[in-house]
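Along the sequence shown, residues are numbered consecutively beginning with 1. Both ligands and their constituent atoms are indexed starting at 1 by order of listing.
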Amino acid sequence: MSSATDTSTGAVNEGRAGARPDTRTTRPRVLSLVQPTADSLHLGNYLGALRQWVPMQDDHDAFYGVADLHALTVEQDPKQLRQRTLRSAAQLIAAGIDPEKSTIFCQSHVPEHTQLAWILSCLTGFGQANRMTQFKDKAARGLGDQASVGLFTYPVLMAADILIYRADRVPVGEDQRQHLELTRDLAARFNHRYGRTFVVPEPHIVASVGRIADLADPVGKMSKSASSPAGIIELLDEPKINIKKIKSAVTDSDREIRFDVDQKPGVANLLTILSALSGTPVETLVESFAGKGYGDLKGAVADAVAETGGAFRERALGLIEERTELEAILAAGAERAREIASAVVAEVYDKVGLLPPAQGRSR
Ligand code: TRP
């Protein structure tokens with residue numbers, strides 16, 4: 001239910017002149033963002049990340065959002081980006097992020113992120129940024145010299161996303177670990193140089209529910225960039241398309257259902273998916289399939305995906321269709337986010353020695 005936020009100031013900015021009170025509740029703060037780079041979440045995103053954010057909103061002051069500015073680090077079609085931003089927000093809600101409990105917002109609606117990012121970029125060593133492996137991978141993967149400066153400074157913007165809310169915990173996948181380390185470094189560096197300002201956040205690395213693999217190539221992970229359409233379950237696709245993909249999932253030539261990632265990666269993946277969706281431990285599933293065949297296992301996976309996916313899809317498509325409700329949720333989220341973010345930027349600007357604008361007229 002809606003947890004009324006009290007106005008007790010966070011210890012960090014208590015009594016600081018000029019800074020508006022932080023509306024942190026007594027609970028630790030969690031923050032994470034998704035990039036709007038696909039029309040639909042896939043099952044790997046959902047099980048590996050989003051689903052873990054949902055319970056955190058009950059014991060945290062939660063901030064979840066759509067990182068549209070990060071999406072711009074590679075070329076986007078403008079119309080499609082807008083669509084995908086809305087679709088991503090809708091899917092957060094469909095996955096169970098509750099606007100009554102969490103602040104749901106769009107990154108570009110809170111311009112303070114980019115303001116803080118500039119300050120942080122001036123604290124980031126070129127060499128340190130240059131060691132980010134994700135940048136190197138992405139730049140190597142086709143972009144080469146065409147990689148943008150934005151792609152290079154992407155981790156600094158991510159640090160700003162996190163530090164501007166003084167988030168305590170950041171649930172992310174293993175691939176974001178290095179970016180979290182940079183964030184922690186920048187927080188500590190700023191605090192050291194200018195006095196305690198930022199919370200040094202803890203990564204909350206989501207131990208992917210066992211890893212969800214590509215259905216058509218179960219040695220690789222289910223991933224938008226790596227998987228072929230046949231290997232990836234997009235949650236907003238027609239259920240019958242997904243059922244077909246599950247039924248055609250690659251298994252192996254024997255008939256035994258057991259969990260063996262090395263010898264039987266396809267079967268292991270189906271068991272992992274079924275276990276994650278049903279909450280039944282893999283061993284129990286294996287016992288229950290004794291004497292049965294791959295067709296039975298695939299049927300059970302298809303049913304489980306249809307059940308979770310059906311409700312998800314209906315809710316998400318409803319929100320996308322209606323749109324006004326979604327826009328209202330994002331507007332309210334941005335308002336709450338900006339309250340906090342603007343106070344932090346004011347404090348940071350002051351600390352680093354930027355001249356405040358003359359009273360009265362500024363926005
Ligand atoms: N870089 C993250 C990803 O690609 C998305 C992201 C942007 C993010 N800003 C963030 C995640 C802040 C956590 C916190 O998955």
Cut-off 3.5 Å, no hydrogens considered: what does the side-chain donor-acceptor table look like for residues 212-225, sequence neighbours left out?
residue : atom : partner : partner atom : Å
Asp214  : OD1  : Ala216  : N            : 2.7
Asp214  : OD1  : Asp217  : N            : 3.1
Asp214  : OD2  : Ser227  : OG           : 3.0
Ser223  : OG   : Ser225  : N            : 3.2
Ser223  : OG   : Ser225  : OG           : 3.2
Ser223  : OG   : Ala226  : N            : 3.0
Lys224  : NZ   : Thr37   : O            : 3.3

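Although no hydrogens or angles enter the test, the distance criterion places no donor-acceptor pair under 3.5 Å between the side chain of Arg166 and the main chain of Phe198. Between the Ser288 side chain and the Leu285 main chain, a donor and an acceptor come within less than 3.5 Å of each other.
In Ile162, the part holding a heavy atom less than 4.0 Å from any atom of ligand 1 is the side chain.
Near Val172, with a cut-off below 4.0 Å to any heavy atom, the atoms of ligand 1 are 11 (C), 13 (C). Per-residue contacts place Val170 under 4.0 angstrom from the following atoms of ligand 1 (heavy atoms of the residue considered): 13 (C), 14 (C). Set against the non-hydrogen atoms of His70, the atoms of ligand 1 under 4.0 Å away are 7 (C), 9 (N).
Polar contact check, Ser32 against ligand 1: no nitrogen or oxygen pair lies under 3.5 Å apart. In terms of polar-atom proximity, defined here as any N/O pair under 3.5 Å, Gln176 does make such a contact with ligand 1. Considering backbone and side-chain N/O of His179, none are found under 3.5 Å from N/O of ligand 1.
Distance from atom 9 (N) of ligand 1 to its nearest protein heavy atom, with residue and atom name: Asp161 OD2, 2.7 Å. Annotation: atom 1 (N) of ligand 1 to nearest protein heavy atom, Tyr154 OH, 2.6 Å.
Here atom 5 (C) of ligand 1 lies nearest to Leu33 when heavy atoms of Leu33, Leu31, Thr73, Val30 are compared.
You'll find the side chain of Gln176 reaches within 4.5 Å of the side chain of Gln134, heavy atoms only.
Side-chain contact annotation: Asp98 with Gln57, donor-acceptor N/O pair under 3.5 Å absent.
Cluster membership for Leu277 and Trp53, using ILVMFWY side-chain heavy atoms within less than 4.5 angstrom, is shared.
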Start with the C-alpha distance between His179 and Phe135, add both sets of side-chain angles, then the distance that settles ring pair (Phe, Tyr, Trp, His ring centres under 6.0 Å), and finish with yes or no.
CA-CA 10 Å; His179 296 158; Phe135 172 75; over 10 Å; no
